[in-house]
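Hydrogens, waters and symmetry mates are skipped; everything else that's a heavy atom, side chains included, is used. Ligands are counted one by one from 1 in listed order, and the atoms in each one are counted from 1 as well.
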Amino acid sequence: MTVAELDLDGLLGAAVAAAHAGGEIVRAAFGSAGGVVEKGPGDYVSETDTASERAVRAVLEAAAPALPVFGEEEGGERAAAGWLVDPLDGTANFLHGFPVVGVSVGLVVEGRPVAGVVHAPMLGDTFTARDGGGAFHNGTPIRVSTRPPEQGISATGFPFRKKRERLGEYQPVFERALVTFEDLRRAGAASLDLAWTAAGVFDGYFEQALGPWDVAAGAVLVREAGGVVTDWAGDPDAWLTNGDIVAAPPVAHARLLDLIRDAGNPQVE
Ligand code: LIP
């Protein structure tokens with residue numbers, strides 16, 4: 001299946017409905033997470049994650065039966081064309097009652113995200129974009145910021161939990177970013193870090209070792225809002241598989257790649 005064969009506007013509409021269905025469940029359960037299971041050290045899944053994923057999957061499967069759904073919690077089929085779903089992005093925030101949580105629905109064709117929705121059920125925000133159609137926040141067009149990095153705030157994510165072994169790689173980048181940008185933010189939900197970067201709220205975002213479901217939708221938002229998305233070595237596609245992402249307006253993106261290189265990360269020649 002190629003992009004040309006897909007009705008991207010129709011599928012984007014289905015993704016919005018799916019994200020809202022999951023969002024309703026997350027909003028209703030906020031503050032009372034229900035049963036929680038530890039998937040790995042410090043890596044939790046709540047009944048709400050699973051219930052949201054099932055609601056998102058049901059809407060997507062009804063709207064586009066030919067497109068398989070792969071979810072963070074219950075997996076599924078990965079095909080040349082299909083959905084990547086994070087039913088509750090920012091689970092740790094959710095369990096702590098911190099309202100920065102998202103529902104992320106991305107459509108990926110031949111390894112490239114072509115449509116995306118990031119919904120923040122506790123904030124009443126829905127971000128949407130599809131290939132060549134621009135990016136929107138609650139229906140209003142959005143663009144990445146034009147602030148220079150020195151006057152900007154970059155979002156980031158710390159290598160916690162099972163990612164701690166990469167702290168040595170991350171810390172020199174963090175230190176250089178702290179002196180390059182005006183300030184940094186660690187909000188705890190990659191999909192919203194990307195959406196806010198697309199909307200010019202943040203002036204960049206960098207994090208390592210994310211799942212494809214965390215970033216697929218948000219990356220389309222940044223790209224369609226005039227930003228650049230690569231991995232930490234500047235590769236325009238590898239971030240979806242290696243999970244190391246740098247997303248920002250062009251000037252800040254080049255600065256972030258420079259400081260990653262300067263921080264002497266081995267994968268940057
Ligand atoms: C989270 C991301 C966050 C990252 C966490 C985790 P989850 O996703 O949104 O940016 O720092 O490690 O990956 O697990 O809440 O869906």
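Around CZ of Arg57, the count of heavy atoms belonging to other residues, nucleotides or ligands within 6.0 Å exceeds 12.
Remark: Arg186 qualifies as a cation-pi partner of Phe158 under the 6.0 Å distance and 45° angle criteria applied to the six-membered ring.
Atoms of ligand 1 found under 4.0 Å from any heavy atom of Glu72 (numbered from 1 in listed order, with element): 14 (O), 16 (O). Set against the non-hydrogen atoms of Thr91, the atoms of ligand 1 under 4.0 Å away are 15 (O). Set against the non-hydrogen atoms of Glu207, the atoms of ligand 1 under 4.0 Å away are 3 (C), 4 (C), 10 (O), 11 (O). The Asp86 neighbourhood of ligand 1 comprises atoms 16 (O), with distances under 4.0 Å to a heavy atom of that residue. Applying the 4.0 Å criterion to heavy atoms of Gly90 picks out, from ligand 1, the atoms 7 (P), 15 (O), 16 (O).
Contacts between Arg186 and ligand 1 below 4.0 angstrom, taking non-hydrogen atoms only, involve the side chain exclusively. Contact annotation for Asp214 and ligand 1: only side-chain heavy atoms (C-beta onward) come within less than 4.0 Å of the ligand.
Using a 3.5 Å distance cut-off with no hydrogens or angles, the side chains of Ser191 and Asp89 do pair a donor with an acceptor.
Of the candidates Asp193, Asp89, Leu194, it is Asp89 that places a heavy atom closest to atom 1 (C) of ligand 1.
Thr128 contributes atom OG1, which lies 8.5 Å from atom CG of Asn138 (distance to the nearest 0.5 angstrom).
Leu88 counts as a contact of ligand 1, since one of its heavy atoms falls under 4.0 Å from the ligand.
Hydrophobic clustering keeps Phe30 apart from Leu123 (ILVMFWY residues linked when any side-chain heavy atoms are closer than 4.5 Å, directly or through intermediates). Clustering ILVMFWY residues whenever any of their side-chain heavy atoms sit less than 4.5 angstrom apart, transitively, puts Phe94 in the very cluster that holds Val103. Both Trp213 and Val222 sit in one connected hydrophobic cluster of ILVMFWY residues. Membership requires side-chain heavy atoms under 4.5 Å apart, directly or through other members. The hydrophobic cluster containing Ile142 does not contain Val229, counting ILVMFWY residues as joined when their side-chain heavy atoms lie under 4.5 angstrom apart, directly or transitively.
The N/O atoms of Leu210, backbone and side chain alike, include none that comes under 3.5 Å of an N/O atom in ligand 1. Between Ala190 and ligand 1, at least one N/O pair is under 3.5 Å apart.
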